[in-house]
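This report concerns only the one structure given below.
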Amino acid sequence: MINKALDVLNKYFGYNSFRKGQENVIDSILNQNDTVAIMPTGGGKSICYQLPAILFDGITIVVSPLISLMKDQVDNLKATGISAGYINSSLSSLEYKTVKEKILNNDFKILYVAPERLLSQDFITLISNVNVSFIAIDEAHCVSQWGHDFRSSYTKINEFINLLKTRPTVAAFTATATEEVKNDMVKLLQLNKPSIFITGFDRENLILKVVQGGNKEAFILNYLKTHKEDSGIIYCATRKEVESLFKLLNNKDIKALKYHAGLSDNERLENQESFIYDNCNIIIATNAFGMGIDKSNVRFVIHHNMPKNIESYYQEIGRAGRDGEESECILLFSQSDIHLQKYLIDVSTYNENRKLNEYNKLQLMADFSYSNDCLKKFILNYFGENYNQDCGKCSNCHFEGEFVDKTEEARNVLYCVYEMKRPLGVTSIIDILKGSKNKKVLRLGLDKLNTYGIMSNISKDYLKTFIHTLISHRYLESLQGTFPTVGLTEKSIPILKREESVIFKEFVNKEYSDANNELLTILKSLRRDIATDENIPPYVVFSDSTLKELSIRLPINKEELLDISGVGEHKCEKYGTLFLNVISSYVNENNITLDFVFTKTKNESQARGSSHKSKTIEVTMDLLSNNPSIENACKQRNLQIGTILEHIKKYLEEHKNTNLPLDFSNLYDENNEKEILDAINQVGRNRLKPIKEIVNPNITYDEIKVVIFKNYFVS
Ligand code: ADP
Ligand code: MG
Ligand code: ZN
């Protein structure tokens, strides 16, 4: 059974192997066991139900909470050649009618519906006429009050299932791993002795960074400047902060979108689409954004503020790097974030018990932000996983900034707190240090202090952040009262006495460079053109990682194209020629090194891929052993000369057989050969273009290739 599943994975989705956990989950479902799959966001849950759906006889119903998600998933399935549809309120009555007909004709393998739909009489009648073999419940944590996005209609899914004549296999999927949620899923969905799979929560391609202190806005501006090509989400804690950051970016001419509950439905939808369709790379959002975003090429998630707990944090950063490519998750943390989150819990409508629970979770989030240990380790241990090594990539394992001596500045602030002799808040301290003439300062005689005006040339914003950083490192403490004030701590004394220094880490934005991004940019623009034509999101055409692999491996025909991860048969047929043409003209026109062209190595040797490949080489070599003419082989096989040469090279590498008779006639002219060899003496043979530029213009790239091959690879 699982072999069949592997075939389907390959044929439709174009992937060569299962990701962690997928195989077990799919196997369990194919054996018709009720199943619970808990996998991190981006872990690949969809395939776990889409794949069995393809193999099962009847139709599969996928219950999914968000309308926007359904359209994308269905587009995605259609692009891979799987017939699917959805029913939700966005359908016109005509569209609804068409969908109904298709269901009754057994045209769909997969049908997406929102949970609210399940108990509508119309739907029940419709479904009673077809064979439902499987029900998949996506985002199944919505069934639980403890889950962060509870949906009461989820608690009625079991009623719908009970109405069906034959009970189908039922599987629940979520990224929420807590015990309470898991138990609720099993109980409230009335799962029948489910097999429960909890996959490792590590998303290896996510690089976690916590940046403490410093100016958040400056950091973001700098980051965006060095990541212009990348798509990313910036999360803020409140609408107000979304708006102000949005304004700031606008003023700096950086294109960005915004998303929060204060916008109209229409505006939200528009902005979300614009982000998904790569019309704009950046979206600034509150946590209202993200559920239902399956965009696979999100390269970074920046948190402008610390989220309320680790579950939310992990879910939000999980939206980065679904395609498996490395992606950065940067938390810009300041002490005031904790106060804000505390306040939000205070004013919430939760009961006391729940509030206590939320405070505890907040504390752990703060601990994470302060932690000096591996951040991956912290999170995975939080989710109950045994992870004892260091990830080697997070901002604690691998610090990319510099250590800056802040002793003098710190001493000024601490001394100010020491000599003010009465409890004052951060604002007053800043007033003193900046030498403000405001009434309170003068009335209290604070202008007489030694530290009055001592930091007048430093900006208010900087001072504010700096004082909070001192608090977060416990050089000062924040004293709660009617008005929060600031006091000295044990750690203040040695600084005041000049016995110790204050060293802060300052994060430095690393310059971003991608060695091979010229072709990648071209491929991305082709992808966007196709997506625009078909009115689907670009990542549905091909993911970033697929494009990247294309730009590195430079396939020259459909066989090779199928070998690229993410290229299934359907997409190969549909888009193959377009991409191959672009790649081949790039290879021909742009200095691609010949050695590189001939020695493309496969990342991994994949079962189907390599057998495929050796097969095609075999055919070429068979032809050549009967007739050594390379020209003949090209004609017989209808392949480009470069491909045939590559086959020969691969064969030679494996067989070390130098007695291979090869006939190069008609492929080059002897005078031209001399000219080409002369040119190689001048400019080397690593790049074709410089050679082409200095030889007679009627000498072709193919001819140059043949001459190089004949003289350097077979002799
Ligand atoms: P989840 O629902 O768990 O958050 P998705 O189902 O949206 O994650 O999958 C995330 C991404 O991973 C998608 O782009 C999907 O195509 C890709 N993916 C899933 N399974 C595999 C696999 N076996 N090999 C490569 N990519 C995969
Ligand atoms: Mg999902
Ligand atoms: Zn680490």
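Counting starts at 1 for both ligands and their atoms, in listed order. Just so it is clear, the model here is predicted, and its values are computed rather than measured.
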- Does the ring centre of Phe160 sit less than 6.0 Å away from the ring centre of Phe123? yes

- Can you pull the residues with any heavy atom under 4.0 Å from ligand 1? Tyr15, Ser17, Phe18, Arg19, Gln22, Pro40, Thr41, Gly42, Gly43, Gly44, Lys45, Ser46, Ile47, Asp294, Ser296, Arg322

- Query: Does Asp294 pair with Arg322 as a salt bridge, N-O distance under 4.0 Å?
  - Reply: yes

Between side-chain atoms of residues 108-117 and protein atoms elsewhere (two or more places apart, or another chain), which donor-acceptor pairs fall under 3.5 Å?
residue	atom	partner	partner atom	Å
Lys109	NZ	Phe56	O	2.7
Lys109	NZ	Asp57	O	3.0
Lys109	NZ	Gly58	O	3.3
Tyr112	OH	Gln50	NE2	3.1
Tyr112	OH	Gln73	OE1	2.8
Glu116	OE1	Arg151	NH2	3.4
Glu116	OE2	Arg151	NE	3.4
Glu116	OE2	Arg151	NH2	3.3
Glu116	OE2	Ser153	OG	2.8

- Message: Can you tell whether the side chains of Glu204 and Lys376 come within less than 4.0 Å, N to carboxylate O?
- Response: no

- Task: Starting from the Zn ion (ligand 3), count all protein N, O or S atoms within a radius below 2.8 Å.
- Result: 4

- Task: May I have all residue pairs that pass side chain to side chain donor-acceptor pair (under 3.5 Å) and include part of residues 28-41, sequence neighbours excluded?
- Result: Ser28-Thr35, Asp34-Arg167

- When rounded to the nearest 0.5 angstrom, what is the spacing between OG in Ser46 and CE in Met39? 9.5 Å

- In short, Ser327 meets Val298 closest at the heavy-atom pair OG-O, 3.6 Å

- Message: Show the nearest heavy-atom pair for residues Cys391 and Cys374, with the distance to one decimal.
- Response: N-SG, 3.2 Å

- Query: Charged N to carboxylate O below 4.0 Å: is that the case for Lys574 and Glu534?
  - Reply: yes

